[in-house]
Amino acid sequence: MMDRIYLINSWPFLLSKIRGVIDELQGKAFKVFEAEQFGCPQRPLRINTAFTPFLHQRNGNAARSLTSLTNDDNLWACLHTSFAWLLKACGCRLTEKLLEGAPTEDTLVQMEKQADLEEECAAWESHEEEEGRPRPQPEVLEGRELSKCHTDSSTLSDCSWNMRRTAVFRSLRHMRQVLGASAFRMLAWHILMGNQVIWKGQDRELIQSAFDVLQAMLPVGCVRVISYSEKYEDAYRCNFLGLSPQAEIPSHVQSSEFAVMIDVRTAPGSNLYPVLFVDDEPLSKYEFVVTSGSPVATDRVGLTILNKIEAALSNENLSMDVVEQCLVCLKEEWMNKVKVLFKFTKVDSRPKEDTQKLLGILGASEEDNVKLLKFWMTGLSKTYKSHLMSSVRSPTSSECRN
């Protein structure tokens, strides 16, 4: 059954590529036909007059081979290469994935993003064909297809460039050691609350590596990244922003309680952390200054998930693999609370008194936890929202009479 579904989903892709091979063969054969007709103008007339279903048998001539029809001695090698690439690209384009239980919200959001990306690519390709632009070469198509098909344990995304990038920060625990416990807590608090995180420095790979590590604390739908820019971008466009040293940050952002800034500065001549950075050559050149307009916010008792994350990171008996799985479980736990709150407030439209009781039952009645839930609500997948909205049944006739 899975083979049948796989073939159905792959059919448009296979059809378009095989059609390209057929068109190329017909084009070569047509050139040979024109050349032969030009060399012998009476040949088509003789063929038509002498044509019978048993022409080749009566004349004793065998049918012409594909190589002679196309006048291409390397035809079979080219066909083999084309079919081998087609099998490879088709197998890499779609992969069967075993899901134990319902897919997570991160998986749903990532699949929606992948579907949107494929639709945009298809629309762009059709637009190019309408304008009469030349068809891309097979090697270009191969790179395009392979760049869309990388999968990992939890997402379907275009990660080929990410895999080639150097990981300056290896993990959240590593970053916590680099920044210090108090600075990391301030940074993590702002991330979980949905505030804008601004990294400013010269090293693009370092900033991108920091974003790759930090965004693991948020649901995929809540992450909006501009990895590097020469000018400041507003918070509604991105909650992770990388800036060059020449970029100016507005004064109201620097003093805002809804933003945190990490200034990556060149360290003095001596190593600031000689023991910690023995093997970390890139980090030994920098010092990190974390500032925010609301430094007191991290002293609150709230944000239960942050306390649990810090407890896992500070426990050296737990490997980073265990910590990563713990982080996945924590995100799913709080995303389930977000789903309940969304249905309770947005779908059922319950009063505020009932909402407060619900938050108490969920263990999220503190102010910071409520803000976190509201921010994470923006990361819910369209699939889940549409499912809830469609499941809201209209009142029956008996209910209307009552």
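In this structure the side chain of Val290 never reaches within 4.5 angstrom of the side chain of His190, judged on heavy atoms. The closest side-chain heavy-atom distance from Lys385 to Lys346 is not below 4.5 Å. You'll find the side chain of Tyr384 stays beyond 4.5 Å of the side chain of Met335, heavy atoms only. Considering only heavy atoms from C-beta on, Lys200 stays 4.5 Å or farther from Met261 through its side chain. You'll find the side chain of Glu333 reaches within 4.5 Å of the side chain of Leu330, heavy atoms only. Proximity of Ser314 to Arg176: side-chain heavy atoms (C-beta onward) are separated by under 4.5 Å at one or more points. When side chains are defined from C-beta on, Arg173 counts as touching Leu318, because their heavy atoms get closer than 4.5 Å.
How far CE of Met217 is from CG of Leu327: 8.0 Å, rounded to the nearest 0.5 Å. In this structure, Tyr228 OH and Trp199 CH2 are separated by 13.0 Å, a value rounded to the nearest 0.5 Å.
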Item to check | Glu367/Lys371 under salt bridge (charged side-chain N to carboxylate O under 4.0 Å, His left out): CA gap, chis, key distance, verdict | outcome: CA-CA 6 Å; Glu367 180 183 359; Lys371 292 181 179 179; 3.2 Å; yes
Checklist entry - Taking it one step at a time, do Asn369 and Thr304 satisfy side chain to side chain donor-acceptor pair (under 3.5 Å)? => result CA-CA 7 Å; Asn369 287 331; Thr304 308; 3.2 Å; yes
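The list of ring-ring contact (aromatic ring centres under 6.0 Å, His included) pairs with a residue in residues 328-383, not counting sequence neighbours, is empty.
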Under 3.5 Å, which donor-acceptor pairs link side chains of residues 237-249 to any protein atom two or more places apart or in another chain?
from	atom 1	to	atom 2	distance (Å)
Arg237	NH1	Glu233	OE1	2.6
Asn239	OD1	Arg224	N	2.9
Asn239	ND2	Cys222	O	2.9
Ser244	OG	Glu230	OE1	2.8

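The one candidate from Val260, Ile262, Val253 that meets the side chain to side chain contact (heavy atoms under 4.5 Å, CB included) condition with Ile198 is Val253. Across Lys337, Lys339, Lys331, a single residue satisfies salt bridge (charged side-chain N to carboxylate O under 4.0 Å, His left out) together with Glu105, and that is Lys339.
Checking Asp212 against Gln208 by side-chain atom types alone, a donor-acceptor pair falls below 3.5 Å.
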